[in-house]
Amino acid sequence: MNDIQHIKHLLQRFYDGTSTVEEEQRLCDYFCNADNVPEELKTDQKMFRHLSECNAKVMPSEDFKQRLLSALDTHAKRSKIRWKRFTAVAASVAILVGIGITFYIKSNRNPYEVTDPQLAYAITQEALLNASEKLNKVDRQLEKVSLILNKNNRKHNQQ
Amino acid sequence: MKKHILTLIFAALFCVSNAYATKEFEDLAEIEGVDYIYISKAMLKNVSEVSILDGFDLGHITSSLSSLEILECDLCDTQKDLNKIRKTITKFASNMELLTKAKEEGTTVYIYSRSDKGNMTDLLIVEDEETEVYVIYIKGDIDEKAIKGLSIF
């Protein structure tokens, strides 16, 4: 079997789907390197050359790793700067909001707020004494209730 | 950093919200015959200084308080106004714990409180008579024992 017939045989096996990887590599080598391919195999040559190009491994350039690392480094620096900017803006907004709220509160002072310390003292004293009396009264009432309950319990236990 | 900023903002907002008087009481103050007084944290700090000079030291109580509010209605025109006050106060106290309810000589006293981690933060005392309502609302770090001790002497 001459070379062309062998190639045709391999092609037949290729199109039948029965060719091995080595046979396909042989076809690829032939079509990629041969210059004088018979007219009836020109279409096959085009297809194999195209397949060969598609399968060709793209090798990165020598400085690829360095460029990649440098690009990653730049990206990290940029995101750090971006984060710093965000922090600065957020802090500024927080400060401005704080100042705004403080001014708002000062300008909208409660009309019922006591501003005279002497008066505030008198009112507070009276209110706290009142609260104190109420709380103590409640305590005394609770003590009374507790005594009654204890009395009842003792009676119940004696019976 | 983000967490810190958010914490600061929330803390600022919390402080601001604490600085306000109770909205419900302010609204009730619009009713004719209602007297309402608000004493701020800053003023309560002043009270402690004045009280030292006066000889009746309240500083140990008032210095840790955020506000003190008093609402009094003894000249309310109508029963409708009184009912509105009662309704508002009951609603306001609904998220507080009722410590006690005592009735004596026609006056009902309600004592409500709110606590955080065992410390009393809110104390609301309501005295309800037939034609009068008197309310004391204390906010802050409340020392109940110290308040009780005021009327023992």
Check whether any side-chain heavy atom of [X] lies under 4.5 Å from a side-chain heavy atom of [Y], and answer yes or no.
X: A/T124; Y: B/I61; result: no
X: B/E127; Y: A/N130; result: yes
X: A/Y121; Y: B/L58; result: yes

Quiz prompt | Closest non-hydrogen atom pair between B/K148 and A/D139, with its separation | solution = NZ-OD2, 2.8 Å

Quiz item: If you take all heavy atoms of A/S132 and B/G149, which pair is closest and at what distance?
Solution: OG-N, 4.4 Å

What do you reckon, is [atom1] of [X] surrounded by more than 12 foreign heavy atoms closer than 6.0 Å?
X: B/E130; atom1: CD; answer: no
X: B/E129; atom1: CD; answer: yes
X: A/K42; atom1: NZ; answer: yes

Quiz item: Would a distance-only check, ignoring hydrogens and angles, find a side-chain to backbone donor-acceptor pair under 3.5 Å from B/N46 to A/P117?
Solution: no

Self-check item: Main-chain N/O of A/V138 paired with B/T100 side-chain donor or acceptor, under 3.5 Å
Solution: no

Quiz item: Picking from A/T115, A/L119, A/V114, what satisfies side chain to side chain contact (heavy atoms under 4.5 Å, CB included) with B/I39?
Solution: A/V114

Quiz prompt | A/Y112-B/Y36 aromatic ring centre distance below 6.0 Å | solution = yes

Let me know if [X] has heavy atoms under 4.5 Å from chain A in its side chain, its backbone, both or neither.
X: B/L99; value: neither
X: B/I37; value: both
X: B/I147; value: both
X: B/F25; value: neither

Quiz prompt | Which portion of A/Q141 sits near chain B, non-hydrogen atoms under 4.5 angstrom | solution = side chain

Practice problem: Mind running side-chain contact (heavy atoms from CB on, under 4.5 Å) on A/L128 and B/I136 for me, showing each step along the way? | Solution: CA-CA 9 Å; A/L128 288 175; B/I136 302 172; over 6 Å; no

Practice problem: Please list, in residue-number order, every residue in residues 17-37 of chain A that has a heavy atom less than 4.5 Å from any heavy atom of chain B; write 'none' if there are none. | Solution: none

Self-check item: Distance, nearest 0.5 Å, that separates CG of B/L123 from NZ of A/K134
Solution: 12.0 Å

Quiz item: What about A/L149 and A/L142, same hydrophobic cluster or not, with Ile/Leu/Val/Met/Phe/Trp/Tyr joined at side-chain heavy-atom distances under 4.5 Å?
Solution: no

